[in-house]
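Written out below as structure tokens is the structure these notes cover.
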Amino acid sequence: MPVDEPSVLIVGAGPSGLVLALILLQCGISVRIIDKQTTYSVGSRGAAIQPRTLELYAILGILSDLLDVGELLRPTLAKYNHGDIDPTTFVKVVDIVEPTPDLPYPNAYYISQVRHEAVLRSHLRKLSCDVELGSELRNLEQFPDRVVAHIERTDSDGNKVEEKAEFRWLVGTDGARSVVRKQIDVEYLGETRAQYIALGDIIIEEGVDPQFWHSWDGSAKSIIFRPSGVNDKSFMFFYTGRSEELSNTTITREELVNDFREITGRQDVKFGSAPWLSNYRPNIRMVDKMQVGRVFLAGDAAHCHSLTGGQGLNSGVHDSFNLGWKLALVHHGRAAQTLLRTYDEERLRVIGYMLRFTTTLHNQSFERLQAGKKMEDSSWDRGGDLQMLGVNYSGSSIILQETSAVAGINNAYSRPVGSGPASVEASFRAPDASGLVAAGSAASPSTTLFSIFNVTTHSVLLFGRDADCSAQISDVIARIPSGIARAVWLLPQGETGAGTSRCELVLEDRTGSAYGGYGTPVEKLTIVIVRPDGVVGAVVPDIDGVERYFANLVRSNL
Ligand SMILES: Cc1cc2nc3c(=O)[nH]c(=O)nc-3n(C[C@H](O)[C@H](O)[C@H](O)COP(=O)(O)OP(=O)(O)OC[C@H]3O[C@@H](n4cnc5c(N)ncnc54)[C@H](O)[C@@H]3O)c2cc1C
Ligand SMILES: *[C@@H]1O[C@H](CO)[C@@H](O)[C@H](O)[C@H]1NC(C)=O
Ligand SMILES: *[C@@H]1O[C@H](CO)[C@@H](O)[C@H](O)[C@H]1NC(C)=O
Ligand SMILES: *[C@@H]1O[C@H](CO)[C@@H](O)[C@H](O)[C@H]1NC(C)=O
Ligand SMILES: *[C@@H]1O[C@H](CO)[C@@H](O)[C@H](O)[C@H]1NC(C)=O
């Protein structure tokens with residue numbers, strides 16, 4: 001293989017592919033990312049970015065740029081009767097809650113997918129990587145040590161050029177119609193509903209308040225507008241109940257405007273242009289494996305959900321976080337190739353769960369609208385699951401929970417967000433903590449755990465104060481495999497940390513939020529190992545536990 005050939009080919013430059021490229025590049029792996037389209041996609045599409053995804057972006061170091069191009073989700077839906085200008089009722093879609101040190105981003109954001117992808121590409125560019133547009137994967141061949149990809153490129157004169165290139169690994173993030181998935185003979189199991197929903201983005205110059213979602217339902221035709229977070233005039237619309245003949249064609253702006261007037265009786269609303277118009281048929285499908293040899297699937301290529309609940313894009317990003325660090329360890333020869341099997345071991349169960357509840361929501365919303373019924377107000381009450389804070393990999397073969405020293409469990413699926421400090425459990429998200437300062441310094445700036453975690457390295461968090469702990473901690477640090485993990489000693493409030501020189505990072509938990517949020521005692525050693533994807537890989541009471549965790553992770557006989 002030529003030395004300058006990138007190690008990984010990423011096929012498809014949607015959010016899943018872009019995020020994976022960023023993670024791999026941060027891990028020092030060269031990538032090539034191609035997309036068959038000749039221009040970037042338009043449309044606000046997957047605009048709801050869930051709290052857990054925001055946290056992952058914080059760990060990846062790109063969150064602030066994304067928040068800059070989005071806005072907090074607007075929580076209220078206004079419902080109207082035909083002909084009325086004033087809403088009949090307001091329904092709360094979500095509760096907006098206050099951030100806490102362990103949960104700094106408790107609310108979903110709206111970020112138009114166009115802007116979201118542009119921010120991801122700008123970060124790729126900083127790492128000297130550009131999306132190669134007009135390059136389509138046609139087919140691939142696998143060998144024990146490489147993957148051969150046949151790509152049809154468009155050269156600078158606009159001519160098609162066939163190219164054959166070799167890579168160590170190939171990841172298909174090529175969306176629901178994935179060519180990669182077909183090439184590796186993986187089935188896309190599930191159903192496509194015989195339902196058509198017209199949707200798109202439209203500018204509304206006047207007559208619809210951008211502070212709310214708006215809904216007209218209860219007859220054969222229904223329309224919902226949701227502010228799309230681009231500006232106060234830009235809305236995404238969902239329209240069900242077009243005529244049979246038209247239902248599978250792309251709606252035009254004129255049809256939408258005329259039908260809107262008919263459905264709502266509103267002549268006062270002034271529309272502008274419609275930058276994106278589309279026709280959607282619910283597809284509810286997933287694969288039963290996400291890896292065949294050196295080829296992986298992530299994002300919509302591996303699963304697609306009803307767009308109710310806004311999980312699709314988010315789940316794809318979570319796939320990329322799960323796969324990225326594992327591929328990096330294996331590629332760099334630090335873990336056996338069998339570690340890669342834990343990618344679909346961990347993800348498939350989470351995706352199956354997600355698919356079930358987004359389908360339930362779908363049944364409660366679009367199915368009813370299609371039948372000409374009003375949506376039940378309760379179908380807007382979507383519960384904590386959607387925030388993805390309770391995503392867990394319990395039962396995974398690389399997770400280790402050895403101590404009961406930690407009180408309670410961090411079950412965010414059932415724990416109401418904002419209900420107070422969590423505690424920590426292996427296989428769940430590692431909470432954030434703030435107000436951490438360099439031990440022994442009077443006035444150094446404070447930091448947070450999310451800015452310490454990163455996508456390349458495990459963080460071994462050491463909790464515990466006394467002299468006994470200090471001695472043990474030196475031993476622990478000495479045995480942490482170098483290059484894949486680093487130790488962070490979190491001293492209780494008021495401790496200065498004498499004799500801690502062997503620890504790379506010693507921080508005082510000045511506001512108590514780390515001990516509080518993790519539920520760890522101060523007088524006893526507790527070790528929490530946080531994976532590069534922000535998941536607690538292990539909670540252990542001693543050095544042996546640390547050794548067991550890493551030995552299991554890198555061993556060859558999983
Ligand atoms: C109207 C709508 C609303 C949605 N709302 C939400 C929401 O609120 N929240 C949410 O999380 N999700 C939502 N989604 C889903 C979300 O948009 C998708 O889940 C997301 O785009 C999937 O990202 P991806 O990177 O996996 O794939 P995609 O974004 O589909 O990207 C795949 C890319 O691969 C390229 N490609 C395909 N084949 C090839 C090939 N052979 N060679 C090279 N390139 C190829 C394509 O051109 C495409 O750019 C919504 C979707 C729609 C349509
Ligand atoms: C992640 O943290 C480790 C340990 O401090 C550091 O060596 C590495 O450069 C960091 N990686 C990134 C991408 O910030
Ligand atoms: C669209 O639907 C009509 C009738 O429902 C059908 O005759 C036609 O073949 C469909 N077109 C496509 C492209 O599926
Ligand atoms: C872990 O996630 C699964 C879904 O993958 C869910 O069924 C289960 O309840 C979660 N575990 C806990 C303790 O919340
Ligand atoms: C949703 O409705 C379909 C029928 O339209 C039914 O077959 C399916 O079991 C329902 N799924 C869920 C999760 O409620």
Side-chain angles (χ1 to χ4, degrees), residues 21-29 52 58-62 123 126-127 190-195 282 284-286 303 305-306 308-309 311 315 318 321-322 324-325 328 332 344-371 373 379 383-396 399 401 408-415 422-429 447 449-461 477 480-488 503-507 530-536:
L22 268 177
I23 293 172
L24 293 177
L25 286 166
Q26 286 200 10
C27 291
I29 297 180
R52 180 56 184 159
I59 295 170
L60 187 56
I62 65 170
H123 281 276
K126 285 188 199 158
L127 300 171
E191 55 166 334
T192 301
R193 292 276 170 95
Q195 262 179 344
I284 300 167
R285 294 176 184 275
M286 67 182 282
H303 44 84
H305 317 174
S306 164
T308 47
Q311 303 286 295
S315 298
H318 294 202
F321 270 85
N322 191 292
W325 66 274
H332 291 311
D344 64 17
E345 179 196 353
E346 293 189 334
R347 290 299 300 159
L348 284 177
R349 200 174 54 103
V350 172
I351 291 159
Y353 181 89
M354 210 81 85
L355 213 55
R356 280 191 297 282
F357 80 73
T358 51
T359 305
T360 305
L361 286 177
H362 181 88
N363 284 0
Q364 293 166 352
S365 49
F366 285 122
E367 288 279 353
R368 288 185 66 85
L369 293 178
Q370 190 85 5
K373 293 183 187 148
S379 72
D385 281 11
L386 292 184
Q387 304 180 314
M388 305 171 106
L389 293 162
V391 166
N392 69 85
Y393 301 133
S394 65
S396 158
I399 296 283
Q401 170 90 30
I409 57 163
N410 177 32
N411 181 356
Y413 272 143
S414 58
R415 170 181 157 251
S423 49
V424 76
E425 187 182 354
S427 89
F428 283 82
R429 73 184 266 277
T447 187
L449 281 180
F450 283 175
S451 36
I452 290 167
F453 298 159
N454 78 31
V455 296
T456 70
T457 312
H458 275 78
S459 301
V460 180
L461 305 180
I477 292 162
I480 291 172
S482 68
I484 73 173
R486 67 153 161 187
V488 181
C503 208
E504 193 185 315
L505 200 54
V506 184
L507 299 167
V530 181
R531 312 193 319 188
D533 57 0
V535 168
V536 175

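This is a predicted model, so every value here is computed, not measured. Indexing begins at 1, ligand by ligand and atom by atom, following the structure's order.
Every atom of ligand 5 is numbered from 1 in the order shown, and the set under 4.0 Å from a heavy atom of R356 is 13 (C). Atom numbering of ligand 4 starts at 1 in the shown order; those under 4.0 Å from a heavy atom of Y353 are 4 (C), 7 (O). Against a heavy-atom cut-off of under 4.0 Å, R486 is close to the following atoms of ligand 2: 4 (C), 5 (O). Each of the atoms 1 (C), 2 (O), 3 (C) of ligand 5 lies under 4.0 Å from some heavy atom of R193.
Looking only at distances, a side-chain donor or acceptor of Q26 sits under 3.5 Å from a matching main-chain atom of L60. Remark: the backbone N or O of N322 is not paired with any side-chain donor or acceptor of R531 at under 3.5 angstrom. Under the 3.5 Å distance criterion, the side-chain polar atoms of R349 are matched with a main-chain donor or acceptor of S394.
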Item checked: Stepwise side chain to side chain donor-acceptor pair (under 3.5 Å) test for N454 and R486 -> CA-CA 11 Å; N454 78 31; R486 67 153 161 187; over 6 Å; no
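At the top of the distance list for atom 13 (C) of ligand 5, counting protein heavy atoms only, stands T360 OG1, 3.3 Å. The protein atom (non-hydrogen) at minimum distance from atom 5 (O) of ligand 5 is E367 OE2, 3.8 Å. The protein heavy-atom contact nearest to atom 1 (C) of ligand 5 is N363 ND2, 1.5 Å.
Residue N392 holds the heavy atom nearest to atom 11 (N) of ligand 4 of all those in V391, V350, N392, I351.
Nearest heavy-atom pair, S459 versus I452, reported as atom, atom and distance to 0.1 Å: OG-O, 4.4 Å.
There is no protein heavy atom closer than 4.0 angstrom to atom 9 (O) of ligand 2.
Using a non-hydrogen distance threshold of 4.0 Å, F428 registers as a contact of ligand 4.
Residue-level proximity to ligand 5 for H362 is absent, since no heavy atom of it falls below 4.0 angstrom. Contacts between Q195 and ligand 5, counted as non-hydrogen atom pairs separated by less than 4.0 Å, are absent for every part of the residue.
An N or O contact shorter than 3.5 Å is missing between Q26 and ligand 2 by distance.
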